[in-house]
There are 2 protein chains.
Amino acid sequence: MSLFSKTCEYALRAVFYIASKTADGSKVGIKEIARNVNSPEHFLGKILQDLSRKGILDSAKGPNGGFFLHPKSLKRPIADIVSAVDGDNVFTGCALGLAHCSERNPCPLHHEFKKIRNNIAKMLTATTIGQFNKELTLGKILLKEV
Amino acid sequence: MSLFSKTCEYALRAVFYIASKTADGSKVGIKEIARNVNSPEHFLGKILQDLSRKGILDSAKGPNGGFFLHPKSLKRPIADIVSAVDGDNVFTGCALGLAHCSERNPCPLHHEFKKIRNNIAKMLTATTIGQFNKELTLGKILLKEV
DNA sequence: ATAATAAAAGATATTTTTGTCTTTATTTTT
DNA sequence: AAAAATAAAGACAAAAATATCTTTTATTAT
């Protein structure tokens with residue numbers, strides 16, 4: 001398994017792309033986004049619609065329309081995207097899938113896994129949507145296969 | 001998402017159960033296992049067959065048959081189970097799902113995620129199949145919902 | 001030998017995730 | 001006002017994961 005669903009992977013890649021392209025106030029269309037993050041266009045469209053409904057990003061119809069991020073949104077943690085798409089399982093779920101696993105009722109992996117979960121949460125709340133804009137523009141990091 | 005597939009969660013829970021029940025050389029049937037780890041019997045049966053084929057556990061047909069673990073197997077890391085069931089994505093996969101993500105071609109999360117992946121790998125190789133036997137017997141840790 | 005037991009295997013079903021295609025609604029430009 | 005561009009929405013399809021049911025095979029006990 002992977003940490004995130006494929007849907008969430010697409011969402012994160014797309015949001016990073018949108019961030020790096022629209023920090024200047026412009027907009028970017030779904031076709032371009034999909035092409036640049038290697039994801040199926042219409043499927044990604046729905047994902048972004050959903051994020052748009054949830055207030056994580058914005059969109060405008062019509063000519064010169066597209067998706068974009070408000071400057072304020074660039075400061076948001078990517079944890080917001082992950083929980084919007086995948087829910088909070090990655091932040092709170094049991095490694096063995098037990099719904100009632102807890103401090104009082106631990107599964108075998110509980111104590112060790114808690115540390116890992118916390119590291120994941122820390123990373124996801126510490127990294128922001130906009131923090132890679134520069135490196136993305138410079139091509140130092142990638143959002144699609146080369 | 002969760003770290004492991006549901007299949008893998010069942011596998012881990014079942015193997016822990018088998019370990020705690022057969023360290024004395026006895027065997028335990030699929031019905032009892034499924035009941036005690038809250039998993040669908042036939043589905044779990046296939047998972048255990050697979051682990052059996054892969055040499056992680058053993059089984060015997062007929063009366064007094066069942067699944068069991070050789071004492072040696074109790075020393076194996078649970079990483080063996082995870083990679084047998086889920087493959088090695090959890091050990092090596094990119095957080096954003098990029099197949100070619102690497103040190104030279106990193107995705108935005110690569111460097112931070114590498115640390116997390118390493119912690120996960122460390123945990124999975126450090127914890128053994130048999131290490132919870134005592135606590136399981138004492139009921140201090142659980143493999144099913146209460 | 002026969003009957004009973006239990007895992008192995010096979011066939012099929014359901015659910016969830018992922019993906020595609022078509023139509024509609026909105027906005028901008030001309 | 002008309003045309004063009006673009007996201008939104010809806011219907012549908014394919015693939016993968018999860019689950020069930022039935023039959024077969026191997027083993028043991030009687």
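Here is the naming used below: chain letters follow the sequence lines, and residue numbers restart at 1 for every chain.
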So, with a heavy-atom separation below 4.0 Å from DNA chain C, the residues of residues 10-32 of chain B are B/Val28, B/Gly29, B/Ile30
Counting side-chain heavy atoms from C-beta on, which of [options] comes nearest to [X]?
X: A/Ser5; options: C/dT18, D/dA8, D/dT18; result: C/dT18
X: A/His42; options: C/dG19, D/dG10, C/dT22; result: C/dT22
X: A/Asn64; options: C/dT26, C/dT20, C/dT28; result: C/dT28
X: A/Phe67; options: D/dA8, D/dT20, C/dA8; result: D/dA8
X: A/Ser52; options: C/dG10, D/dA8, C/dA8; result: D/dA8
X: B/Phe43; options: D/dT20, C/dT28, C/dT20; result: D/dT20

(Q) Tell me whether the side-chain N/O atoms of B/Arg53 come closer than 4.0 Å to OP1 or OP2 in C/dA9. (A) yes
- Short side-chain N/O contact to C/dA8 OP1/OP2 from B/Ser59, under 4.0 Å: yes
- Donor-acceptor pair, A/Glu145 side chain versus B/His100 backbone, under 3.5 Å? yes
Task: B/Thr22 side-chain N/O to B/Leu69 backbone N/O, donor-acceptor pair under 3.5 Å - done: yes
A/Ala84 meets the side-chain contact (heavy atoms from CB on, under 4.5 Å) criterion, sequence neighbours left out, with A/Leu51, A/Lys54, A/Ile56
The side-chain contact (heavy atoms from CB on, under 4.5 Å) partners of A/Lys122 (sequence neighbours excluded) come to A/Asn119
In whole angstrom, give the distance that lies between atom [atom1] of [X] and atom [atom2] of [N].
X: A/Glu41; N: D/dT6; atom1: CD; atom2: P; value: 11 Å
X: B/Phe68; N: C/dA7; atom1: CZ; atom2: P; value: 11 Å
X: A/Met1; N: C/dT16; atom1: CE; atom2: P; value: 14 Å
X: B/Ile47; N: C/dA8; atom1: CD1; atom2: C1'; value: 15 Å
X: A/Leu44; N: D/dA7; atom1: CG; atom2: P; value: 11 Å
X: B/Lys61; N: D/dT27; atom1: NZ; atom2: C1'; value: 9 Å
X: B/Gln49; N: D/dA26; atom1: CD; atom2: P; value: 14 Å
X: A/Asp50; N: D/dA9; atom1: CG; atom2: P; value: 10 Å

Subject >> Validation row: A/Lys21, A/Ile33 side chains within 4.5 angstrom (heavy atoms) >> reply: no
### Task
Determine whether A/Leu96 and A/Pro108 make a side-chain contact, defined as any pair of heavy atoms from C-beta on separated by less than 4.5 Å.
yes
Within residues 83-99 of chain A, those residues having any heavy atom closer than 4.0 Å to DNA chain D are none
Contacts of B/Lys61 meeting side chain to side chain donor-acceptor pair (under 3.5 Å) (sequence neighbours excluded), chain-then-number -> none
For A/Gln131, the side chain to side chain donor-acceptor pair (under 3.5 Å) test, sequence neighbours excluded, returns none
DNA chain C nearest-nucleotide lookup for A/Gly62 and A/Thr7: closer to the 5′ end is A/Thr7
When A/Lys6 and A/Pro63 are each assigned the nearest nucleotide of DNA chain C, the 5'-most assignment goes to A/Lys6
| query | Just wondering, more than 12 heavy atoms not from A/His111 lying within 6.0 Å of its NE2? | reply | yes
Rounded to the nearest 0.5 angstrom, the CZ-OG1 distance for B/Phe16 and B/Thr128 is 8.0 Å
Looking only at heavy atoms, the pair that brings A/Lys27 and A/Asn64 closest together is CD-O, 3.5 Å
Heavy atoms under 4.0 Å, any strand shown: does A/Gly45 hit a base, just sugar-phosphate, or nothing?
nothing
Across every strand shown, the nucleotide meeting Watson-Crick or G-U wobble geometry with C/dA9 (both distances under 3.5 Å) is D/dT22
Query raised in the report: With distance as the sole criterion, do the side chain of A/Lys46 and the base of D/dG10 form a donor-acceptor contact below 3.5 Å?
Result: yes
